[in-house]
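Let me begin by presenting the structure, written as structure tokens, before commenting on it.
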Amino acid sequence: MSTAQQGNQGRLWAIAEISRRVPRRISNGLKVSDYFGCNTFNAKVMAEKLPKDVHKSLVKTMNNGHVLDQSIAAAVAHAVKEWAIEKGATHYCHWFQPNTGITAEKHDTFLTIDGDGQPIERFSASQLVQSEPDASSFPSGGMRATFEARGYTAWDPNTPIFIMESTNGKTLCIPSVFISYHGQALDKKTPLLRSVEYLSRNALRVLKLFGKTPDHVEATLGPEQEYFLIDDAFYSLRPDLVAAGRTLIGAKPPKGQELEDQYFGSIKSRVLAFMQEFEHELFKLGVPVKTRHNEVAPSQYETAPVFELVSVATDHNQLTMEMLRRVARRHNLAFLIHEKPFAGINGSGKHNNWSMATSDGENLLDPGATPSENLQFLVCLMATLKGVYKHSGLLRASIASSGNDHRLGANEAPPAIISAFLGDALTKVLDSIEAGDLRGATTERQVINLGIAKLPEIARDNTDRNRTSPFAFTGNKFEFRAVPSSASTATPMATLNAAVGEALGEIADAIEGRISAGEALDKAVIEVVREWVIETRAVRFEGNNYAEEWVVEAERRGLPNLRKTPEALAQLQTDAARELFTKAGVYSVDELESRYHLETERYIKDLEIEIAAMQELAATMVLPAAYKHQALLASSVGSLKAIGVSGDLLGAQIAEVEQVAGLIADLKTALAKLEAEVEAAEGEDLDKKATALAYPVSDAMAVVREACDKLENTIDDTLWPLPKYREMLFLV
Ligand code: ADP
Ligand code: MG
């Protein structure tokens with residue numbers, strides 16, 4: 001057979017390319033602390049470049065979430081421009097996070113032509129503070145259509161301004177929010193900032209009960225980011241990865257992750273070189289990436305930062321995903337952020353480690369050293385449980401995406417049922433409170449006797465882990481583990497902040513009520529905690545969340561099991577959603593409605609892309625390879641006949657041709673069924689369409705996949721055009 005007839009030339013080329021790859025070197029002998037944040041307009045630069053009073057005012061804005069004093073904008077803009085130009089930036093942009101889930105930017109040069117026709121660099125206060133991108137093409141969920149077609153971006157001073165370097169220049173990036181002229185949020189960041197304010201307001205009420213009056217309370221976030229890397233030569237040969245971010249077909253390789261030899265294994269030199277370079281880039285941007293390791297699946301990795309304020313961590317996670325993608329290219333690697341790029345092995349998540357901290361630096365989910373601190377901890381803990389219990393449907397909605405549907409409940413990731421894990425020690429404490437052991441405990445001494453003072457050592461025991469829980473307490477923070485790898489952390493965190501914020505307000509009400517009825521603080525707290533322990537018991541689950549029995553048990557407990565995105569998103573249209581989000585000021589009714597629409601539309605588009613890509617793969621790659629293979633077998637049968645072979649010997653080969661013909665027929669039947677289901681799903685009603693895509697259409701896709709994968713395992717390897725799992729996952 002001539003090479004022209006061979007289908008695997010692309011694969012052979014890719015394998016040859018990969019065998020020649022060497023780890024990319026960067027020259028970097030520097031100590032990280034010497035250059036950390038060198039491309040940010042950070043505290044040190046601000047102190048140097050800004051007049052004293054301007055500096056003071058800006059720091060106040062940044063640290064305390066105060067509104068920017070407009071009168072200082074001109075001075076800040078001037079200093080920012082001087083600094084940026086000194087560093088070689090030619091352009092600036094407002095860097096924001098529209099509802100696509102990724103970031104957006106439109107660059108403008110500093111250059112203007114002055115009155116004398118002379119070129120000069122300018123950057124005004126208004127250019128710093130506000131910009132007006134042509135935003136009509138961003139998803140708005142229909143909101144702007146009903147109000148105002150335009151939106152604008154506004155500087156959000158919480159995250160330091162930074163400079164992005166690229167091959168031929170540098171751009172000053174101004175972290176921004178994106179809102180309509182009527183103040184509606186058109187992005188993911190604005191609701192997050194609002195949620196922090198709400199959380200803070202209510203947490204302050206709780207702290208006041210304990211005699212504390214910090215300026216404000218923040219949510220903190222440390223997102224552990226999982227991802228896959230494969231060689232970009234393979235990537236370029238997989239139209240499904242290019243279009244949909246995941247492999248839509250692909251037979252299981254002989255070796256997957258069963259040997260468990262990848263997790264925490266030594267990192268391959270090419271991959272390590274990549275990690276070192278992206279970390280170097282992130283350090284320059286002031287992103288505190290701390291941990292790197294291999295993950296469970298072959299070719300899967302993780303990076304985790306030191307936690308920061310949730311708004312900053314959200315921006316920094318966006319920068320992290322962007323840098324992973326950019327730097328991967330320099331290393332001839334393709335960065336796969338999809339939740340499930342490969343079937344049959346683990347998918348990727350983004351564990352959102354979350355807590356609350358006061359402006360004085362106290363972690364509210366850290367069991368304290370004294371009994372009274374422990375009471376405060378218990379109040380914050382119960383508020384968190386209540387928020388998660390009452391709004392588990394909304395939390396599920398906040399992590400809904402087509403990609404995550406492949407991961408949740410797939411025995412590798414937390415299920416679609418939201419529950420919370422506390423660990424033995426804390427469970428015992430709550431049990432004893434529930435049993436009334438503490439009734440009448442009004443003095444510190446009695447509380448000590450009941451062991452609450454021992455919380456810190458026990459609860460922080462790292463062995464006390466439940467990797468299957470979607471929301472696990474890990475000693476001094478919760479880990480929301482069901483967040484999709486590709487998602488912005490803004491929406492899940494805004495939802496959690498709102499849910500817990502509401503509960504903090506309610507628990508403050510309850511305790512205040514008892515105190516004003518004459519009860520002592522300790523007693524009031526313990527009584528309320530006891531009531532809440534009982535009320536929220538259903539959401540606590542210490543067992544194996546992957547087990548089938550949990551699905552049954554959760555149903556008995558009345559916990560929602562929202563299996564796929566359409567059911568999850570439907571939660572956004574409930575009265576409970578409207579009540580919580582409007583009360584918290586996180587979304588208005590319109591904003592919530594628009595969010596529902598754009599998430600549903602996004603889901604539909606994702607599926608439509610996958611369907612089209614799958615149909616194309618089957619028609620233009622799988623079937624042609626199958627026909628060639630069938631022809632090869634048929635000609636072999638013909639040759640045998642020509643030399644007079646007959647009987648069983650001939651029959652064995654005829655059977656093989658028939659088997660391939662059968663697989664081809666199966667694939668064609670599956671494709672016809674898929675097409676019919678897609679047609680049946682068509683219609684004006686978004687919800688119905690999404691549900692049809694989630695169930696009958698997805699089921700039909702699974703059948704197409706199965707037929708393709710059987711063919712892959714049957715056809716002559718030299719005829720198969722697509723890089724195989726065994727190649728993509730193991731050759732780096
Ligand atoms: P583990 O690996 O055991 O889950 P780590 O201590 O490595 O725990 O933390 C994982 C992530 O949790 C890191 O990003 C870390 O910065 C973050 N984290 C730690 N404490 C907090 C906190 N108080 N609030 C938010 N995130 C936190
Ligand atoms: Mg963790």
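Order of listing sets the numbers, starting from 1, for every ligand and every atom in it. All residue numbers refer to positions in the sequence shown, counting from 1.
- Looking at Leu221, Thr220, Asn352 and measuring to atom 22 (C) of ligand 1, the nearest heavy atom belongs to Thr220.
- Here ring-ring contact (aromatic ring centres under 6.0 Å, His included) pairs that include residues 383-409, with residues two or more places apart or in two chains, number zero.
- The CG atom of Leu430 sits 7.0 Å away from atom CG of Leu385, with the distance rounded to the nearest 0.5 Å.
- Atom numbering of ligand 1 starts at 1 in the shown order; those under 4.0 Å from a heavy atom of Val306 are 16 (O).
- Within ligand 1, counting atoms from 1 as listed, the ones closer than 4.0 Å to a heavy atom of Asn363 are 23 (N).
- Across all non-hydrogen atoms, the minimal contact from Leu193 to Ser311 is CD2-CB, 3.6 Å.
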* Where do Tyr227 and Leu229 land on the side-chain contact (heavy atoms from CB on, under 4.5 Å) test, with the steps shown first? -> CA-CA 7 Å; Tyr227 60 94; Leu229 292 173; 3.8 Å; yes
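- For ligand 1, the atoms sitting less than 4.0 Å from at least one non-hydrogen atom of Glu479 are 4 (O), numbered in the order shown with element in parentheses.
- For the ring pair (Phe, Tyr, Trp, His ring centres under 6.0 Å) test, residues two or more places apart in sequence or in another chain that qualify with Phe471 are Phe478, Phe480.
- Set against the non-hydrogen atoms of Glu224, the atoms of ligand 1 under 4.0 Å away are 4 (O), 10 (C).
- Here's the thing with Phe307: one of its N/O atoms is less than 3.5 angstrom from an N/O atom of ligand 1.
- At least one N or O atom of Pro305, backbone or side chain, sits closer than 3.5 Å to an N or O atom of ligand 1.
- For the pairing with Glu339, the side chain to side chain contact (heavy atoms under 4.5 Å, CB included) check across Ser348, Ser485, Ser402 returns one residue only, Ser485.
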